[in-house]
Protein chains: 2
Amino acid sequence: MKSDRSAGKVTLADVGRVANVSAITVSRALRKPEMVSPKLRQRIEEIVEQLGYVPDPVARALASDRTDVIGVLIPSVTNSVFADVLRGIYAGVEGSPFSVQFGNTRYSVLEEERLLRVFLSQRPAGLIVSGIDQSETSRALLMQARCPVVQIMEMGPAPVDMMVGFSHFDAAYDATRHLIAGGYQRIAFLGARMDPRTQRRLEGYTQAVKEAGLFDEGLIITTPRASTVGLGCQLLSDLMARTQKIDAIFCNNDDLALGVLFECQRRRIAVPDEIGLCGFNDLEMMAVANPPITSVRTFRQEMGRRAVEMVLARIAGKDVPQPVVDLRYELMPRLSTRGQERLRRGA
Amino acid sequence: MKSDRSAGKVTLADVGRVANVSAITVSRALRKPEMVSPKLRQRIEEIVEQLGYVPDPVARALASDRTDVIGVLIPSVTNSVFADVLRGIYAGVEGSPFSVQFGNTRYSVLEEERLLRVFLSQRPAGLIVSGIDQSETSRALLMQARCPVVQIMEMGPAPVDMMVGFSHFDAAYDATRHLIAGGYQRIAFLGARMDPRTQRRLEGYTQAVKEAGLFDEGLIITTPRASTVGLGCQLLSDLMARTQKIDAIFCNNDDLALGVLFECQRRRIAVPDEIGLCGFNDLEMMAVANPPITSVRTFRQEMGRRAVEMVLARIAGKDVPQPVVDLRYELMPRLSTRGQERLRRGA
DNA sequence: TTGTAAGCGTTATCAA
DNA sequence: TTGATAACGCTTACAA
């Protein structure tokens, strides 16, 4: 007599009983069909169908010491950048037997460490973590992890295992070069949140303006606050209060850029004729804003998809020929940075 | 001798061995401290610390027939509305021993049903599902679920168990009344995605304009495509191609509204003087757009938080005095719908 | 307050 | 190709 705890639950043994075989044979018929004779296999499949047997992932996990869960650690659920990465990750596991478990580190290295311990104690099939700035301990935990690990969002010299991302430094450097090439001389930088990736973008900007002899610390405004459109408005106000002598603004992301655009509209500052404007990430709205806003396109969904692909390949025992993938970025020049050009052309 | 599968893993039995007690006592010391004598409890805690014992959730789940996982089924990971709900859900489980497992139904009732089966087979501690339009089967599955269930995002007459949301019909009705009260006569409706919630908003709009004798089917444009800012631009173009005789637009969400604003700017259509504009959800950017855009504020994070609270209360065996919570909405009138007023005042 | 015994549903191991 | 047995680490039920 079955205990009432397992009320109604159909088990491998139940199927086996009906099929007159042992539970393990049913298990094999489902997991490794080639190990069971075709005739028996078919019979078992029918009975499974008929009884409505559903494998129990918890029991499987305990017995086999592994799960079908890929752990994902990201610093934010609301930041649309990470929402896009998540979408890519979802697309990646789609159709596979694997599922995804997220952890929100809230930009905290310590919280990341804590979550990592929790995740690792749960025998993940794979681990995807954001960035390359883990704590020493986290890094050690990841190195010891008995599953594939992918670091996403950035490129770095010492991958824990696998890596897919792009250089935020280079991306910001190139965007700034674009502004300089367009004739802008007084290029401000607006940065929010200032997580490691934002920091690197600031470094890229700094290097570019320094090389061009255009560096001015007074043109850099940063805040630890999370970026929003409203913050973009405010940072522009702060900037204008500080100095009127700017002719371009590089925003560390598109939310800020949109806010800057709105605030410019309100202040009757012409974009791009008086101020050039460049965002980062190339959110969908950038291309249809008025004017369309120059941005740096990043491949966020692709990043998630590739990370999952790499994990799955490794799990499948396949060789991953390219364990470090640089997805690059693409500068999307639009009207918002054509001010100097137009002026020169006498527009 | 321990098998090598459990390499290095510290178990309850290990702790018990060192403490000279049985495994079950250690288990109790950790889960129900009041059942173990203070002295022993403290000794056990020390040894746990010292040995670095971490409870194994998989084994616990198998033995106790329940997990600490709250399943969440949402139709989209990218839609910022659901991203906000997720944030609320995260905030809700924060600090509790519970974790969250998401499933993305991609607006498909069938996919929802499939995921529901998967989730239910995993003994969730609770279930949070979106909307009230589950399939018959899903509904039956939910009714049978041996865990608390919360439907979020909407209000409806027959909750499966608990419910927290608001009436999309009422919200849209009130927003449309606001436009009518402002003197607008030819009010268009722009709708994307057309999921059940959007449909109900369309119904609310329809009722309001019909009551006012302002209904005109030609003013309604809908598309199954997902809403984006770019789509807002395009729908405005479609609308203008169809008729010039409109003086206000109610967009079924803020993305569309923003696109409409940009497109109006491009076409030199003055908002609000020529066309009034109202969005839905009141995303952060609405308040800082140029002009600020009227919208209907919805309490998305709050919805997630409350849903989790209700689940946790029920798990804790507490009575949930209010199993159906209507979070309402708030009309946020802004400059974008003051056109007719201003005209009347001769502005 | 503590312990014993018996599972939970599956898979690994070894044997037939 | 199939099966018997023993885990996996924990908790429930019952006993002391």
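These figures come from a predicted structure and were not determined experimentally. Residue numbers start from 1 in every chain, and the chains themselves are labelled A, B, ... in the order their sequence lines are given, proteins ahead of strands. All values below come from the heavy atoms of this structure, side chains included, with hydrogens, waters and symmetry mates left out.
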Interatomic distance where CZ belongs to A:Arg31 and C1' belongs to D:dT2 [whole Å]: 14 Å
Neighbour count above 12 (heavy atom, 6.0 Å) for A:Glu34 CD: yes
Below 4.0 Å: OP1/OP2 of C:dT2 and any side-chain N or O of B:Ser22: no
Among D:dT12, D:dG3, D:dC10, the one nearest A:Thr25 by side-chain distance: D:dG3
Closest heavy-atom pair and its distance - B:Arg300, B:Asp84: NE-OD2, 2.8 Å
Sugar-phosphate, base or nothing in reach of A:Arg28, heavy atoms under 4.0 Å: base
Which residue lies more 5' along DNA chain D, comparing A:Asn20 with B:Lys32 via nearest heavy atoms: A:Asn20
Length of the line joining B:Asp68:CG and D:dC10:C1', which is rounded to integer Å: 13 Å
Minimum-distance nucleotide (side-chain atoms of B:Arg66 versus C:dG9, D:dT12, C:dT11): D:dT12
Distance below 4.0 Å between B:Ser27 side-chain N/O and D:dC10 OP1 or OP2: no
Which nucleotide in D:dG9, D:dT11, C:dT1 has an atom nearest any side-chain atom of B:Ser37: C:dT1
Nucleotide C:dT1, atom P - distance to CD of B:Glu34 in whole Å: 9 Å
Residue B:Leu12, side-chain atoms from C-beta onward, closest of D:dC10, D:dG3, C:dG9: D:dC10
Between D:dC8 (P) and B:Leu62 (CG): distance, integer Å: 14 Å
Contact under 4.0 Å: B:Ser64 side-chain N or O vs D:dT11 OP1/OP2: no
B:Arg139 and B:Glu136 ion-paired at < 4.0 Å: no
Nearest-nucleotide 5' precedence on DNA chain C, B:Ala23 against B:Ala59: B:Ala23
Residue B:Ile24, side-chain heavy atoms: nucleotide from D:dT11, C:dT10, C:dT2 that is nearest: D:dT11
Nearest atoms (heavy-atom pairs only) where B:Val100 meets B:Val72: CG1-CG2, 3.8 Å
Distance in angstrom units between B:Met35 CE and D:dT12 P, rounded: 10 Å
Euclidean distance, atom CZ of residue A:Arg60 to atom P of D:dG9 [Å, nearest integer]: 18 Å
Sugar-phosphate only, base, or nothing, as touched by A:Val58 at under 4.0 Å among non-hydrogen atoms: nothing
Exercise: do A:Glu113 and A:Ser135 side chains pair donor with acceptor under 3.5 Å: yes
More than 12 heavy atoms of other groups within 6.0 Å of A:Arg306 CZ: no
Nucleotide C:dT2, atom C1' - distance to CZ of B:Arg17 in whole Å: 18 Å
C:dG9 phosphate, OP1 or OP2, under 4.0 Å from B:Arg123 side-chain N/O: no
Protein-nucleotide distance (B:Asp65, atom CG; D:dT11, atom P), rounded to Å: 13 Å
